[in-house]
Amino acid sequence: MSELSVAAERRALFASRMAVSAIFFVGGCGLTLWATYIPILKARAGLDDAQIGLVLMCVSLGCLCGMPAAGLLRPKLGPLRAGALAGIAFAAASFGPALGVTLPLLALSAALFGLCFGFLDVCMNSHASALEREVGRPIMSSAHAFFSLGTVAGALAGGTLIGFGFDPPLGMGLASAGLVALALAAMPWLWLPEHHVREAADTSVFRLPNRTMAGIGVLTVLAFVIELALIDWGALYLVQAMGSAPAQAASGVAAFSVAMTTGRLLGDRITRALGAVTTIQISAAIAFAGVALIVFAPTTLAALPGFAIAGLGIANLVPILFSLSGRMPGIPPNAGIAMTVTIAYGGGLFGPPLIGFVAHALDLRAAFLMLTVGALVIVVAVRAVIPRALRH
């Protein structure tokens with residue numbers, strides 16, 4: 001290959017990395033924009049905690065349908081068109097819940113939202129994994145940092161729009177239009193070398209996990225339960241347990257998201273220095289401390305540092321586990337990523353609905369206390385799950 005073509009490929013890889021980072025940003029922003037509007041949507045539809053838990057379960061079920069859809073459509077469409085379509089579809093679907101003025105309408109729009117997010121998650125993580133292997137160094141945490149940056153933007157945008165009195169159709173409609181524009185702008189820059197395109201076309205993602213992959217999947221489930229519970233229920237927790245106003249409650253999700261972004265920007269470097277297992281153990285211990293502080297804090301102001309600490313701890317658990325699943329010996333990277341994503345969402349996305357059921361039966365403090373148990377399980381179990389060959 002000539003020097004010119006090598007330089008051109010490097011530029012194309014960098015542009016593709018920025019484009020897929022923009023798609024990660026779209027995913028994170030749409031997710032937390034929805035989360036910040038949940039208290040208003042809940043009140044407008046007249047729902048209780050158990051009913052909003054059912055709505056969140058519809059998001060979970062939608063995700064579980066979207067991931068197999070990605071497995072079927074990504075090889076047919078190609079990784080580039082599938083990734084672009086996923087970003088645009090999710091950005092448009094993020095407006096749907098704004099129309100949910102009743103429980104059935106909100107549940108239906110939430111299911112569509114989840115369907116598009118499940119499709120998006122498989123596509124963007126598979127693309128990032130291919131780029132990671134092509135550039136020859138870890139980039140998964142930094143890619144997920146853009147997802148977290150999106151969650152920061154979504155939380156701040158949601159809080160601002162709510163503070164200015166924008167109702168869900170107007171506020172969520174403006175945000176959705178902006179995300180569609182960003183996904184469209186990223187679309188032309190998505191690129192992969194031809195051998196990765198062929199790999200995506202030839203790889204079947206439907207296969208049963210072995211023992212190690214199942215273990216990685218369970219750890220990812222626990223990490224997702226903590227992360228998504230704090231995103232989906234964080235604002236409601238501050239409203240119901242602390243008496244915060246909805247606009248102020250968005251500050252907890254924002255603190256969590258800012259800390260996650262910071263942790264993920266540093267994550268690749270930390271993982272190279274400490275190794276995967278040690279990084280996961282330390283991160284899970286920090287997450288435990290943060291959630292415990294949220295549970296036992298007496299005021300909103302006292303709880304905000306807990307959201308930030310939990311965000312730092314949870315930041316790199318999912319990226320590291322996804323990266324490991326894409327490097328499993330004897331398993332094609334696309335299949336490994338899809339397998340872990342499916343297991344993770346299959347179990348993890350049912351965490352937020354479970355929080356709703358426990359909150360309805362007891363209260364939100366008791367529900368959040370369950371998250372500390374999940375963090376401790378990760379600390380204890382990770383060395384038994386990750387093979388020694390993958391620890392560094």
Side-chain angles (χ1 to χ4, degrees), residues 23 26-74 82 85-125 147 150-151 154 158 168-169 171-173 175-177 179-180 183 205 221 224-225 227-229 231-233 235-236 338 341-357 359-360:
I23 300 299
V26 167
C29 190
L31 193 65
T32 48
L33 178 77
W34 141 258
T36 56
Y37 265 96
I38 285 176
I40 293 177
L41 296 170
K42 175 176 181 282
R44 186 181 64 170
L47 307 182
D48 59 27
D49 286 340
Q51 288 172 320
I52 202 67
L54 286 172
V55 170
L56 292 174
M57 183 173 288
C58 289
V59 177
S60 305
L61 292 172
C63 279
L64 289 179
C65 294
M67 286 176 292
L72 290 172
L73 293 177
R74 192 170 183 266
L85 175 64
I88 295 167
F90 174 73
S94 66
F95 171 68
L99 304 178
V101 294
T102 64
L103 176 59
L105 286 175
L106 188 57
L108 181 63
S109 61
L112 179 61
F113 177 80
L115 176 77
C116 293
F117 185 76
F119 187 87
L120 173 72
D121 204 28
V122 171
C123 289
M124 68 186 182
N125 278 291
F147 184 90
T151 66
M172 297 179 77
S176 176
L179 294 178
V180 168
V205 299
V221 166
F224 261 126
V225 167
E227 179 178 341
L228 295 178
I231 291 173
D232 285 343
W233 285 96
L236 274 174
V341 169
T342 302
I343 296 171
Y345 279 99
L349 285 176
F350 287 95
L354 178 61
I355 295 291
F357 299 142
H360 184 70

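Predicted model only: the values in this text are computed from it and were never measured.
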Checklist entry - Do you know the tightest heavy-atom contact between Ala89 and Cys116? => result O-SG, 3.8 Å
Item to check | Approximate separation, where rounding is to 0.5 Å, of Leu64 CG and Leu115 CG | outcome: 10.5 Å
Item to check | Shortest non-hydrogen separation from Val26 to Ala91 and the atoms involved | outcome: CG1-CB, 4.0 Å
Next on the checklist: Between Arg44 and Tyr37, does the side chain to side chain contact (heavy atoms under 4.5 Å, CB included) criterion hold? Intermediate values first, please.
Outcome noted: CA-CA 11 Å; Arg44 186 181 64 170; Tyr37 265 96; over 6 Å; no
Checklist entry - Can you name the closest pair of heavy atoms from Pro39 and Ala35 and give their distance? => result CD-O, 3.8 Å
Item to check | Heavy-atom side-chain contact between Leu99 and Ser109 under 4.5 Å | outcome: no
Checklist entry - What distance separates Asp121 CG from Phe147 CZ, expressed to the nearest 0.5 Å? => result 7.0 Å
Item to check | Between CD1 on residue Ile343 and CZ on residue Phe224, distance to nearest 0.5 Å | outcome: 12.0 Å
Item to check | Heavy-atom closest contact (Ala70 atom, Cys123 atom, distance) | outcome: CB-SG, 4.4 Å
Next on the checklist: Rounded at 0.5 Å granularity, tell me how far CG in Leu103 sits from NZ in Lys42.
Outcome noted: 12.0 Å
Checklist outcome for this item: From the list Phe119, Phe95, Phe90, ring-ring contact (aromatic ring centres under 6.0 Å, His included) with Phe113 holds only for Phe90
Checklist entry - Which heavy-atom pair separates Ser94 from Leu179 by the least distance, and what is that distance? => result OG-CD1, 4.2 Å
Next on the checklist: Which residue in the set Leu236, Leu47, Leu106, Val55 passes side chain to side chain contact (heavy atoms under 4.5 Å, CB included) when paired with Ile38?
Outcome noted: Leu236
Checklist outcome for this item: Test side chain to side chain contact (heavy atoms under 4.5 Å, CB included), reference Leu31, set Leu120, Leu228, Val59, output is Leu228
